Asks: 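To start, I am sharing the structure in question, which I have written as structure tokens.
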Number of protein chains: 2
Amino acid sequence: MTGHNPGMNVTGHTSRTASIRDVAAAANVSYQTVSRVINGHPSVKQSTRERVLAAIDELGFRRSATAHALASGRSRSVTVLTANTTHHGYASILQGIEEAARSASYTVAIGVLESADETAVRAEVQRAADAGGGLIVIAYDPAGVRALQQVPEGIPVVGVVETPARTPGSDRPWVWTDDRVAAYEATRHLLSLGHETVHYVAIPSSTRRTAARTAGWRAALREAGAPEPRPVQGTWGPAGGHAAGRKLAADPSVTAILCGNDDLALGVMRALHEAGRSIPGEVSVAGFDDAPHAAYLTPSLTTVRLDFTGLGRAAFGLLHGVVEQSAPVAPHPVSVPELVVRESSGPPPVIS
Amino acid sequence: MTGHNPGMNVTGHTSRTASIRDVAAAANVSYQTVSRVINGHPSVKQSTRERVLAAIDELGFRRSATAHALASGRSRSVTVLTANTTHHGYASILQGIEEAARSASYTVAIGVLESADETAVRAEVQRAADAGGGLIVIAYDPAGVRALQQVPEGIPVVGVVETPARTPGSDRPWVWTDDRVAAYEATRHLLSLGHETVHYVAIPSSTRRTAARTAGWRAALREAGAPEPRPVQGTWGPAGGHAAGRKLAADPSVTAILCGNDDLALGVMRALHEAGRSIPGEVSVAGFDDAPHAAYLTPSLTTVRLDFTGLGRAAFGLLHGVVEQSAPVAPHPVSVPELVVRESSGPPPVIS
DNA sequence: GCCAGGATTGTGACCGGTCACAATTACCTC
DNA sequence: GAGGTAATTGTGACCGGTCACAATCCTGGC
């Protein structure tokens with residue numbers, strides 16, 4: 001025997017799924033006709049089509065996605081590159097992408113950027129690129145930002161970014177939520193309650209200088225002529241918030257805290273509680289994202305709702321437009337953040 | 001010109017990445033030799049290998065994953081089928097799988113089972129199967145269970161299940177955590193504090209009858225001769241817990257509640273708070289999973305820690321063993337749950 | 001100096017589809 | 001019934017790799 005036969009399994013039965021050639025033989029037509037049928041090509045005689053269709057489901061034929069991708073050059077797949085898959089924002093974006101991808105019958109792969117290390121990132125980007133489809137990079141952190149830069153030329157890519165490029169009018173395939181406005185509004189809310197200033201616990205940021213949330217917070221303070229305390233650096237999870245919260249709790253002048261996300265807020269609240277400071281009686285706390293638990297905490301958390309799922313869907317939509325270049329690439333969809341006031345924010349304590 | 005050229009992009013420049021034939025030409029060897037070099041085959045003369053290597057990185061050659069998969073029949077990829085990607089347990093399992101897969105240089109794809117509807121599930125399973133690689137099905141819910149059943153013969157698959165098959169000694173490629181024991185221990189903990197009985201808020205379960213968590217809870221009650229209240233059906237998120245909690249809060253005889261997961265517990269705690277019942281003074285609450293927020297709630301949540309990440313890694317390990325059938329398939333790895341006692345559980349109120 | 005045998009390298013076919021174009025067949029009109 | 005056009009169907013090459021086997025190159029032993 002010549003050639004090879006990877007479809008042979010251990011038992012010796014040739015169990016490989018039927019190919020179009022097999023179907024063609026069964027239906028007594030050429031493989032090309034089978035190809036036409038499975039692709040819904042119009043010019044196939046009705047009777048022939050039926051014969052082929054019958055053969056197809058008798059043999060249980062299913063078109064190999066791999067072979068299709070190789071031959072056609074179109075892979076109908078997206079790889080999502082992200083530094084994390086579990087935190088609320090990331091997970092929700094991924095969910096949104098998956099939803100949109102599924103309904104366009106695209107396949108979704110994920111690649112996690114475990115470290116922001118240059119070569120590690122490069123390796124992961126390469127792997128993703130080799131997969132053949134498009135890329136969506138979540139660039140909320142240094143690893144993601146670096147990944148976005150390293151995507152080789154010629155590969156369709158969409159970035160989910162924190163802040164749009166310096167030129168907002170540019171047509172980079174990017175999507176984002178207006179975190180700056182969101183932070184601005186949350187801060188204004190707290191200031192409007194009468195707080196002298198608002199402290200900020202930051203998420204690990206992609207680009208320190210221009211971090212949108214930080215910028216929005218600062219802008220609101222500046223506009224109100226409030227003092228600008230240094231932001232406290234946090235992590236993504238509650239543990240980081242807890243650490244930050246302890247420092248802030250020790251400072252009696254702190255009466256309002258804005259947190260980079262709801263998990264951070266949770267940690268901060270816990271730290272305040274441990275320090276015996278009541279919320280919102282002595283200190284007000286606001287979060288960011290409106291994660292599912294925010295509404296159920298005690299006190300429930302004032303936060304800014306961000307539509308991450310929608311963001312994910314938009315990202316996929318953009319990518320889809322890019323690869324099927326038929327669809328005109330829609331301009332950057334930007335979802336509007338919404339302030340959700342709950343129990344954790346209130347007026348500052350009265351100084352007596 | 002005959003044939004086709006999918007690598008031609010809009011600009012007309014042929015930008016396709018070099019193939020082994022291109023490299024071969026550049027290095028003045030046959031394509032087979034290039035193949036040998038990239039696969040590390042031993043019998044290639046050192047000087048030739050170097051020449052090829054030089055050509056490879058001069059041309060920026062990267063082996064097409066698609067072509068490789070098609071020709072070799074091995075795709076080095078896993079598709080994870082799951083009903084959800086955002087809830088703690090699911091997300092952590094996915095994370096574990098991804099970690100393990102990445103270090104084995106496998107690609108991870110995800111397929112979400114949006115509904116448990118028979119045909120919807122079948123469609124998604126088919127899509128996953130068409131992708132070519134192995135499958136890991138998270139079967140914690142009806143959709144997942146159904147998916148696991150529908151995986152066509154001949155495709156390597158590993159199930160992450162709630163309860164092992166009726167015959168624990170069977171060698172189905174399944175992994176699980178011992179949720180039954182976990183629930184049993186949590187319940188015992190509460191009973192040992194003096195509660196007359198423990199109520200249970202259940203997660204949507206895969207197989208009502210045999211739901212492991214429910215079974216463990218029931219076993220502990222029975223063993224202690226405690227009354228067995230009907231479990232309250234919850235959802236996966238805090239909202240469901242909140243609804244369940246309202247019912248339970250209305251019943252003054254309820255002094256201890258075990259929840260099917262930490263999000264449910266959060267909702268329950270909130271409902272109790274709204275009803276003016278203190279935790280743990282009047283009612284004790286215990287969760288399940290030890291999600292990141294559990295330790296930071298106020299009161300912090302007593303729960304059972306489950307190693308989902310490890311479970312995910314184990315699932316991948318099993319799958320890897322199955323596909324590279326060289327590695328002996330390890331017996332079901334079972335991680336041991338650990339009770340974490342925190343502030344939300346305490347003795348029942350003294351009846352005076 | 002010739003030959004066997006291992007080390008290297010090359011050739012042809014194949015994986016399961018798609019594309020471009022040629023070949024047939026069917027249907028209409030005059 | 002001939003001729004022409006539209007509708008169907010078939011053929012050959014190709015995507016970018018891998019496998020099986022054949023061919024060529026070297027080297028040492030006699």
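In the text below, chain A, chain B and the rest are named by the order of the sequence lines, each starting its count at 1. Since the model is a prediction, treat every value here as computed from it, not as a measurement.
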Asks: Taking the side chain of A:Leu70 as its heavy atoms from C-beta onward, which of C:dT18, D:dC15, C:dC15 lies nearest to it?
Replies: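 Of the candidates, D:dC15 comes closest.
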Asks: Is the side chain of A:Thr82 donor-acceptor paired with the backbone N or O of A:Thr85 at a distance under 3.5 Å, no angle test?
Replies: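 No, the answer is negative, given that no donor and acceptor are paired below the 3.5 Å cut-off.
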Asks: The side chain of B:Arg21 lies closest to which of these nucleotides: C:dG17, D:dG16, C:dT18?
Replies: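 The answer is D:dG16, which lies nearest to the side chain.
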Asks: Would a distance-only check, ignoring hydrogens and angles, find a side-chain to backbone donor-acceptor pair under 3.5 Å from B:Arg76 to B:Ala104?
Replies: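 A pair under 3.5 Å: yes.
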Asks: Mark yes or no for whether B:Arg313, through its side chain, and B:Gly96, through its backbone, hold a donor-acceptor pair below 3.5 Å.
Replies: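 Not a single qualifying donor-acceptor pair exists.
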Asks: Measure from CD on B:Gln32 to C1' on C:dC14 and round the result to the nearest Å.
Replies: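 After rounding, the reported distance stands at 13 Å.
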Asks: Using modelled atom types and a 3.5 Å cut-off, is there a donor and acceptor pairing between side-chain atoms of B:Arg146 and backbone atoms of B:Ala116?
Replies: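 Between the backbone of B:Ala116 and the side chain of B:Arg146 there is a qualifying donor-acceptor contact (under 3.5 Å).
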Asks: For A:Ile20 and C:dC14, what is the distance between atoms CD1 and C1' respectively, to the nearest whole Å?
Replies: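 In whole Å, C:dC14 C1' lies 14 Å from A:Ile20 CD1.
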Asks: For B:Arg127 and A:Tyr106, indicate whether the former's side chain and the latter's backbone hold a donor-acceptor pair under 3.5 Å.
Replies: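 Between the backbone of A:Tyr106 and the side chain of B:Arg127 there is a qualifying donor-acceptor contact (under 3.5 Å).
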Asks: Quick one: B:Asp130 CG to C:dG16 C1', roughly how many Å, whole number?
Replies: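 Distance, rounded to whole Å: 13 Å.
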Asks: Want to settle it: does B:Asn28 or A:Ser64 sit nearer the 5' end of DNA chain C, counting the closest nucleotide to each?
Replies: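 Final value for this comparison: B:Asn28.
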Asks: Ignoring hydrogens and angles, does a donor from either the side chain of A:Arg63 or the base of C:dG16 sit under 3.5 Å from an acceptor on the other?
Replies: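 No such pair is found, so the answer is no.
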Asks: Look at the side-chain N and O atoms of A:Ser35 and state whether any lies under 4.0 Å from the OP1 or OP2 oxygen of C:dT18.
Replies: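 Yes, because at least one side-chain N or O of A:Ser35 sits under 4.0 Å from OP1 or OP2 of C:dT18.
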Asks: For DNA chain C, which residues in residues 50-62 of chain B have a heavy atom at a distance below 4.0 Å?
Replies: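 Those residues: none at all.
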Asks: State, without any angle test, whether A:Asp22 and A:Tyr31 hold a side-chain donor-acceptor pair at a distance under 3.5 Å.
Replies: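 There is no such pair (donor and acceptor under 3.5 Å, judged by atom type) between the side chains of A:Asp22 and A:Tyr31.
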Asks: Of the residues in residues 36-46 of chain B, which ones touch DNA chain C at a heavy-atom distance under 4.0 Å?
Replies: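 The answer is B:Arg36, B:Ser43, B:Val44, B:Lys45.
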Asks: Between B:Tyr31 and B:Thr48, name the one whose nearest nucleotide on DNA chain C is closer to the 5' end.
Replies: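 Nearest-nucleotide comparison on DNA chain C picks B:Thr48.
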Asks: Which of these, A:Ile110, A:Val108, A:Thr309, sits in a side-chain contact (heavy atoms from CB on, under 4.5 Å) with A:Glu98?
Replies: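 Running side-chain contact (heavy atoms from CB on, under 4.5 Å) over A:Ile110, A:Val108, A:Thr309 with A:Glu98 returns exactly one hit, A:Val108.
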Asks: Just to be sure I understand the rule, does A:Arg74 reach a base, reach only the sugar-phosphate, or reach nothing, if contact means heavy atoms closer than 4.0 Å?
Replies: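 The residue A:Arg74 makes sugar-phosphate contact but no base contact.
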Asks: Check the side chains of A:His41 and A:Ser43 for a donor-acceptor pair under 3.5 angstrom, ignoring hydrogens and angles.
Replies: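 Yes.
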Asks: Can a donor-acceptor pair be found between the side chains of B:Glu118 and B:Gln150 at a distance below 3.5 Å?
Replies: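 Note: B:Glu118 and B:Gln150 side chains meet the donor-acceptor criterion.
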Asks: Any side-chain N or O of A:His68 below 4.0 angstrom from OP1/OP2 of C:dG16?
Replies: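 No, outside the criterion.
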Asks: Does the side chain of B:Ser30 get closer than 4.0 angstrom to OP1 or OP2 of C:dG10 through an N or O atom?
Replies: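 Yes, B:Ser30 has a side-chain N/O under 4.0 Å of OP1/OP2 on C:dG10.
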